[in-house]
Structure formats: C-alpha cells, structure tokens
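To keep things clear, I will list the structure first and then write my remarks on it.
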Amino acid sequence: MAASSAKRRHKVRRRADMSLLGGIRPPIAVLSALLLSLAGITALGFGRAGEESVPKAVMTSQQRFAEDGAVAMRASIDESAADLARTAGLFNAGDPAQPDAVVDKIGSVYQKWVGTAVVEISSGRMLAARGENVPVAAIDTAKLSEKDGLSPRMVRLANGETRLLSLQVLSWKGQPQQLLIASSSLRFPGISLGKFRSIAVIDSTGRILSSDGIPESEQVLTEDQRTGVDRSKKQLSAFAKVAAKRAEEHPLKANDPGEGGYLGVSGSLRGDSSQGDRAIAGYAALTGPEPGKGTVATSLGLTVVAMVDVAEDPTRVTDPLFGLLAAGALLLIGALAVGVLLGTVQRPLLRLFLESRRLTRDDLTRPVSVPRFGEAARIGQALERLRRQLLGERADAEGAGAPKSGRRRGRIGARALLAVSGILLLVWSAPMLLLLNRADATAVVPEQITNDQRERTDTLSDRVRRSLNEGHADLVSVAGLLGERTSPEDMTKVLDRTRSDHSRYRSLYVRTGDGKIIAQSGESPRLPEDKKSENKDGHPFADPITVLNDSGTEPVIASYAELPGRDDSTVIGEFRIDFINSLLKRPGLGEIRVVDAERRVLGGNTGYLAFEKLPSARLTELAAGTSQKTGISARAGGIVYRDGGGVQVAGAAPFVGGGAAKSLDWMVVSWQPAAGLAIPEYSLQNRTVLAGLLGITAAAACLGWLHIIVVRPLREVAKQAEALADGDRRTVLYPRHHDEVGAISRSLELLRQQVLEQRKRDGAGATAPAAVRAPAGRN
C-alpha cells in the first residue's frame, strides 16, 4: 500500500509540473501586455488627431455633396426617360395625333427638354420640332429595331456642349411609324452650389461633359480673377481624370467600410494649395436606387465631381505632450497595479504551491512559510497545522505557530487585492472616459461644414419641390388624354398604367364636379366623395397641391388637374408620404424634416409624429428667419448653435421656384450634432474616450479572468484546507483546474491521505499489545 501511495504521489507531482495554460501568470502577463500596448497607442495616437490642415469632416462633406449631385442627376435622367416613354405610350393608346400636336403637348406639360422633334422613321423626314435644334443626324434610324436601339445616347455638339437624346416610337395602325426625340442638357437640376464651388459631369474617360460654378475668362474683370479661373479649370480637369479612374472600382473596394448611405463608387480628393486655400473635391458615380439594379442613367457611365476651395488651418489642434503625459501616467499606475498583483497574489500563491509540494515529499523539518494576507495566509496556516499533525501532534492541539482556523479570516482577501488593482487602473481610465478633452466647449466647426449643411438642405428642398411638380405634371398629362368620350373603364386603365409607372401615388381617381368618383386606381380616396367643389372654379381644393387634413397619423397630400370638356371633372392624385420621406434619406445631414408654413412636421427621414412642432425653439427660430424674403425670394440659412445638449449644425431651406408646389410655402429643415463629425476636437475627444474604454476593458477582462480562474477556487481551497486541518478526513479534495491552485488542492489531498495512513499505522501499533495479552489471560 505504501508503494501504491508513493506511486500516486509521484503521478500527482508529474501533473503539477506540467506546463500550465491557466493559472495566475497568464492574466497578469496579458494585463501587463495590454497596458503597455495602450500606453504606446496613447503616446502615438493623440498627436495625430489634428494633424490634417483640412479636417476629415470637410473631406467627407464634399463626398456627400457629390453623391447628392449624382442622385439628382440620376433621378432627373430616369424621370425624363420615364415621362417620355409614358407620354408616347398614352399617345399610342389613343387616336392618331399630329406631330405638331405631340410636341406642343409635351412642351406645355414638361419644361425639362431643351428641344423636341418628331421624325418619320422610314424616310428620315422631319415632321415637327420645337425648341433647340435636335441633332437628328446623329441617329441611325435603320438600327432602331436592334437591341438597345432606343436607348438614350449622348451627342457632342459643334460648340463643345453635350446633349442627351431620349427616343420613343409613335405608332398607329395604318400610319408610318414616327420617332419622338427629346434633347436635354446634362446640367444639374436644382443643385445649390453656394460660393466658390463648382460641379461637373464627366464620362468614363474623364472628359468634362457639363460644368457649372466656374465663370468663363471673359466674364471676370481682373487679371487675378482670370488666373484663378484658369487654375480652377485645370484643377477640375485633374480631379476629373482621377475620379473617372476610381469610378471603375467596385463600390465595396472604393468606399471605406462604415461610410454607408451610397451604393456606388464615391470618395474625396485633395488638390493643390494656393494662397492658403486647398482645392477639395468629392466624386460619385451614378448608381441605381437599389443594390444591383441598373437604370437608364447608370448605363451612361457618368460621374459627378464637386470641387471647392477650403481655407487651410496650419496650426495643430493637439499637442503630442498630452499623449506622452497620459502614456507615462498609465505606465506608472499600471506598474503599481501589476506590482500589487505580483506581490500580494501571485508570489504568495507560488510560495504556497512550493510549500505544499515540499510537504507531500515528506519534508517536514522546516515550518511552512505562511503568507501575510487573505486566503493564502489561511492555506499557509492550515499547511503548517497539517505538518505538525504529520509529526505527531493532535488535530485539536494548539501550538505556538498553529492558530486555529478562523483567526485570520478578517484580514484582507484576494478579492480586495484585485479591487485595489482595479481602482488604481480606474484612476487613469475614468478621467479619460469622462473628464479630459471634452470638446463641446472648445470645438470649432469649420465654416465649410455649415455652408455644406445649408446648401445640401437647399438642394434637398428643391428636390422635394421638383418631385411634387413632376407629380402634378403627370396628372396634367393624364388629364389631357382623358377626353370627353373616354369611358370610365378606359380611364381606369390609364390611371393603372400611370400608377404602375410612378411609385409616388397611393391613389389616383377621376372625380366629377358634384363629388362622384367615376374611375379609380390604388387605395381608397381620402377626399370625401360627397364633398363638392370648394371654389367657384369647380376645383376640388384651392391650390393645385395641398394637404387635405391637419391632424391624424399622416398628412394626406393631394394634387389635381382639370379634365378639359368634362364639366369640372378632375383627376386627383394622392401622394404616398413614404415617397416624400424616401427623398429625404441622405447621409451626412442628420435628422431632416419637411414642415409647412405653420412649422408643423409633414415628413422626415427618421421617426416623427405628423403635425408635431420642431423639437427645439432654436430650430423654429431658424425656420422662421429663413422663411423671410431677402430680395426677390427667401434664401436658405445655416447656423451653429451651442446649448446644454452640445454643439449642433442646422440648415433650413424654403421652397423656392415655380411650379404647382410654389403655393405650399413648405420648408426643409435639417440638423445634426457636431460630435458625429470628424472635427479635430471631437476626434481628440473620441480617442480619449476610446483610451479610457480600452483601459477599463483591459482591467475588467484580466481581473475578471483572474477572479474566476484563481480567486474563487482559491477561496474554496482555503475552506477545504482549514476543514482538513480541523480534522475533516473524509472530504476528498478535487482540483478544479490544472494550475497552481489545482496543484495546491492535489497536495492537500495527498496530505489528507498521509494523515489517514499515519492514523492507521498509529492505530495498528496501539492495538497490537492487547492482541498479544489476550492468550495470557486465558491461561
């Protein structure tokens, strides 16, 4: 049995000598490595928060501006192609029309084309034309029947300008087919450039097809201005070449992860510097509204480039001394925290590990070296008592060096020591997280950011206005084709076709002057059927576009067009509020709202309540001030304001321009916190907060690891060691992990077995004389 016990002890010792993957060393080593890494990141990273002379927020803003231009250009081209196709389809569905009547009707409804023409396909003879001369010679009528023969095409005129030609076929039974051609310029619809900005459309080779914002040399007065114009043209051409090359990349490779919001290739470029101003550009390739879905516009291979001169700031926003001081403080505090762990937790535990192994090898001559603190002290005391018991002392005896269990329970434990280390690390992390480098009081928002907020809001306002005008123009076009002999069934077919071609309508219907609905497509009308005409002209409501309600869960926005020759009958279209909200989803503008003349919210890009007020008095004041006319009309405005909620950048832009939507007196308001922009002060604040979070995370992870793997098992082993020293010989001690604490637990189990063997030997020795005396008593 002694040989078997020795063999078991040898096996346990071999397992204790194994390379330990867990234990107390790895958490402390990882904590030390993380603190050193964080100190290096802190020293090197803080000085770079303000090194750029042009903030990243300004660069990103130019990218967003180009994306707005690309979205507007794509929507305009696709809308024009769809309008021409739908108009041609409506003409083809009716009686044959004269070419002059066709072009006159198109010109009266839509003002988007610079020239229209009707050509007989078989002979190539011009039948009718309006506006600018259409370059008919550039169209090969013999290839119209081929695949993509009717696709839009770009034609360069003799004066260097580019025209986009849209084609549709007019076909009636018994008559030669005719080709309807509409010519449009590649200029941006409703893009607000502001001052010192230029924008251009380029093809896949980098050639500028159309530009705006840079005056011609003969339009300026001084030589310095001419020099500036020449420099801007050269810089724009250079940007165009680079943007065209980058537009060929895949969107996922071209855009940084997390930029989001635009499905195509986009980015920003830095140009040359002149007299303290640096040329900055954003570019965006035309892309479809949905991933993987191309449109007429995207097939043209166009890219938008927007350029602006930005004043450079040669001063540094941050001093690298802060990073060095913060890193030095972290090294000092981290060394102290790690020293506490090494001196009060790791070293006593390793000493206990060696002492317990010594006792299992029957080395009982020297007293156990008892640590001073916590569970290690309790285990050391228990080992010393077990040593004395193996030397023959009784379990309940009290020796001078063997105090009973529980006398040191009130001393500082391992959990308290971990807490001390955590508090030390928190002394560095908490100020970094909550106090240092707060930017709200010192942040300087670049003027270009405010300008871009204002101009992009103005562009968005114009886009909403144009969309409403386009919807009204569609109704006028439909109304012109619904003659007095058109049956309700045929009216319904036309309404169905119009609603399927345009997603802006929730409902289309024809309503008579006495309130009856004789044709309908889509959802149920929200204008009561029994409600008669509101004004003396027999119209259903006062303005061509209006809001039918002033309360409820969503506004009902409707437009009408009068049917000629049908006794005050009108075609009415009710717009989907989701369609208007979809126009507002532009990244980089924050929260956006469409408000009416009374500053009530009608739509937005995020959650809102219909007809509620703007969320702050400052925004209401901005909207009220912007709505005031300056000269001929009101102008967009932008502002930066500070309050208890931080720094915000806001912009407001009223509807400015003609069309049916002019009478609405609506406005688009946008605002966003400056903290979300890549401004140097906020970048520094974000890095400071990140450093504090990393410090807290490293401390929590490593100290939590240490508590779970070491401290909790150590507390359990301390209880078991005290129970064993107090005389509990029946409880078998099992190690939880193969580490130092587990090795101590295994050593205690071996000591338990040795004590049991010793008690058996002592018992056998005490009973042997009695067995010998028994026969003598019988004699």
Original post:
Is Asn133 atom CG crowded by more than 12 heavy atoms from other residues, nucleotides or ligands, each under 6.0 Å away?
Top reply: no
Subject >> Salt-bridge present (Arg635, Asp458; N to O < 4.0 Å) >> reply: no
Original post:
Are Ser670 and Thr457 linked by a side-chain donor-acceptor pair shorter than 3.5 Å?
Top reply: yes
Original post:
For the residue pair Ser184 and Trp113, what are the closest heavy atoms and their distance?
Top reply: CB-CD1, 3.9 Å
**OP:** Kindly give the heavy-atom pair with the smallest separation between Val305 and Ala281, and that separation in Å.
**Re:** CG1-CB, 4.4 Å
**OP:** For the pair Arg64 and Glu67, find out whether any cationic side-chain nitrogen is under 4.0 Å from an anionic carboxylate oxygen.
**Re:** yes
Original post:
Is the backbone of Gly658 close enough, under 3.5 Å, to the side chain of Arg465 for a donor and an acceptor to pair up by distance?
Top reply: yes
Subject >> Main-chain N/O of Asn605 paired to Lys585 side chain as donor or acceptor, under 3.5 Å >> reply: yes
Subject >> Side-chain donor-acceptor pair present, Asp203, Thr205, cut-off under 3.5 Å >> reply: yes
Original post:
Within the distance-only criterion (no hydrogens, no angle test), does the side chain of Ser266 pair as donor or acceptor with the backbone N or O of Tyr262 below 3.5 angstrom?
Top reply: no
Subject >> Shortest non-hydrogen contact between Ala661 and Ile545, atoms and distance >> reply: N-CD1, 3.9 Å
Original post:
Going by distance alone, is a donor N or O of one side chain under 3.5 Å from an acceptor N or O of the other, for Arg270 and Gln62?
Top reply: no
**OP:** Mark yes when over 12 heavy atoms from residues, nucleotides or ligands other than Tyr641 sit less than 6.0 Å from its OH; otherwise mark no.
**Re:** yes
Original post:
Just by distance, do the side chain of Ser461 and the backbone of Pro654 share a donor-acceptor pair under 3.5 Å?
Top reply: yes
Original post:
Which pair of heavy atoms, one from Leu186 and one from Met73, lies closest together, and at what distance?
Top reply: O-CE, 3.7 Å
**OP:** Sort out for me which residue in Val668, Thr606, Leu602, Leu584 forms a side chain to side chain contact (heavy atoms under 4.5 Å, CB included) with Arg593.
**Re:** Thr606
**OP:** Would you check if the side chain of Asn159 reaches a backbone N or O of Glu161 as a donor-acceptor pair within less than 3.5 Å?
**Re:** yes
**OP:** Report the residue from Arg86, Lys112, Arg504 that forms a salt bridge (Lys or Arg N to Asp or Glu O under 4.0 Å) with Glu470.
**Re:** Lys112
Original post:
Would you say Lys662 has more than 12 foreign heavy atoms packed within less than 6.0 Å of its NZ?
Top reply: no
**OP:** Report the C-alpha separation of Ile191 and Leu193 in whole Å, then their side-chain angles, then the decisive distance to 0.1 Å, and conclude whether the side chain to side chain contact (heavy atoms under 4.5 Å, CB included) test is met.
**Re:** CA-CA 6 Å; Ile191 296 294; Leu193 297 179; 3.8 Å; yes
**OP:** Determine, stepwise, if the pair Phe196 / Asp277 fulfils side chain to side chain contact (heavy atoms under 4.5 Å, CB included).
**Re:** CA-CA 11 Å; Phe196 315 115; Asp277 293 339; over 6 Å; no
Subject >> Residue pair Val656 / Ala634: nearest heavy atoms and the distance that separates them >> reply: CG2-O, 3.4 Å
Subject >> Shortest non-hydrogen contact from Gln672 toward Leu677 >> reply: OE1-CD2, 3.6 Å
Original post:
Distance-only, no hydrogens or angles: does the Ser627 side chain make a donor-acceptor pair with backbone N or O of Ala624 under 3.5 Å?
Top reply: yes
Original post:
Could Arg456 and Asp452 be called an ion pair, given the rule that one side-chain N must be under 4.0 Å from one carboxylate O?
Top reply: no
**OP:** Answer yes or no on whether Arg246 is positioned over the face of Tyr283, meaning its NZ or CZ is under 6.0 Å from the six-membered ring centre and within 45° of the axis.
**Re:** no
Subject >> Salt-bridge present (Arg278, Asp272; N to O < 4.0 Å) >> reply: no
Subject >> Glu312-Ser273 side chain donor-acceptor pair, cut-off 3.5 Å >> reply: yes
